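Working notes, beginning with the structure itself.
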Amino acid sequence: GLTFGLIMLLYSMYVWWRDVIRESTFEGHHTFAVQTGLRMGMLLFIVSEIMFFAAFFWAFFHSSLAPTIELGAVWPPKGIEAI
């Protein structure tokens with residue numbers, strides 16, 4: 001199950017990147033517009049990951065530094081034991 005899925009994911013990634021490199025290096029299909037699009041796509045992906053982690057940690061710090069009345073105004077909430 002899980003191992004097969006991981007192997008297929010890694011294989012798909014390898015084949016996709018292999019094809020991208022072949023198309024650009026040997027076949028010359030990547031025009032300036034395509035190269036710009038690939039760079040912008042990677043940049044947007046990285047920015048989205050940064051925003052995701054910023055939101056995740058913002059929510060954690062907001063909850064821990066200013067716990068709401070629903071949490072009993074304590075952090076961590078009652079019944080949850082910190083490591």
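None of these values were measured; they are calculated from a predicted model.
In this structure, Phe52 is a member of the same hydrophobic cluster as Phe60, with clusters built from ILVMFWY side-chain heavy atoms closer than 4.5 Å. No path of Ile, Leu, Val, Met, Phe, Trp and Tyr side chains, each step under 4.5 Å between heavy atoms, connects Tyr11 with Leu6, placing them in separate hydrophobic clusters. A single hydrophobic cluster is not seen to contain both Val74 and Leu65; linkage of ILVMFWY side chains at heavy-atom distances under 4.5 Å, directly or through other members, places them apart. Hydrophobic clustering (side-chain heavy atoms under 4.5 Å, transitive across Ile, Leu, Val, Met, Phe, Trp, Tyr) keeps Leu10 apart from Val15. One hydrophobic cluster holds both Trp17 and Phe45 under the rule that ILVMFWY side chains link at heavy-atom gaps under 4.5 Å.
Remark: His62 NE2 is loosely packed, at most 12 non-hydrogen atoms of other residues, nucleotides or ligands lying under 6.0 Å away.
For Glu81, the side chain to side chain contact (heavy atoms under 4.5 Å, CB included) test picks out no residue, with sequence neighbours left out. When the side chain to side chain contact (heavy atoms under 4.5 Å, CB included) test is applied to Thr68, the partners found at least two apart in sequence or on another chain are Glu70, Leu71.
The heavy-atom pair separating Ser63 from Trp75 by the smallest distance is O-CE3, 3.3 Å.
Once rounded to the nearest 0.5 Å, the distance linking CD of Glu23 with CZ of Arg18 reads 10.5 Å. Thr3 contributes atom OG1, which lies 13.5 Å from atom CE of Met8 (distance to the nearest 0.5 angstrom). Rounding to the nearest 0.5 Å places CD of Glu27 at 8.5 Å from CZ of Arg22. One distance of note links CE of Met51 with CZ of Phe56; it measures 15.5 Å at 0.5 Å rounding. Rounded to the nearest 0.5 Å, atoms OG (Ser12) and CD1 (Ile7) are 11.5 Å apart. Atom-to-atom distance recorded for Leu44:CG and Met40:CE is 5.0 Å, nearest 0.5 angstrom.
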Decide side chain to side chain contact (heavy atoms under 4.5 Å, CB included) for His30 and Leu38; before the verdict, give the C-alpha distance in whole Å, the side-chain angles of both, and the deciding distance to 0.1 Å.
-> CA-CA 10 Å; His30 289 184; Leu38 288 170; 3.7 Å; yes
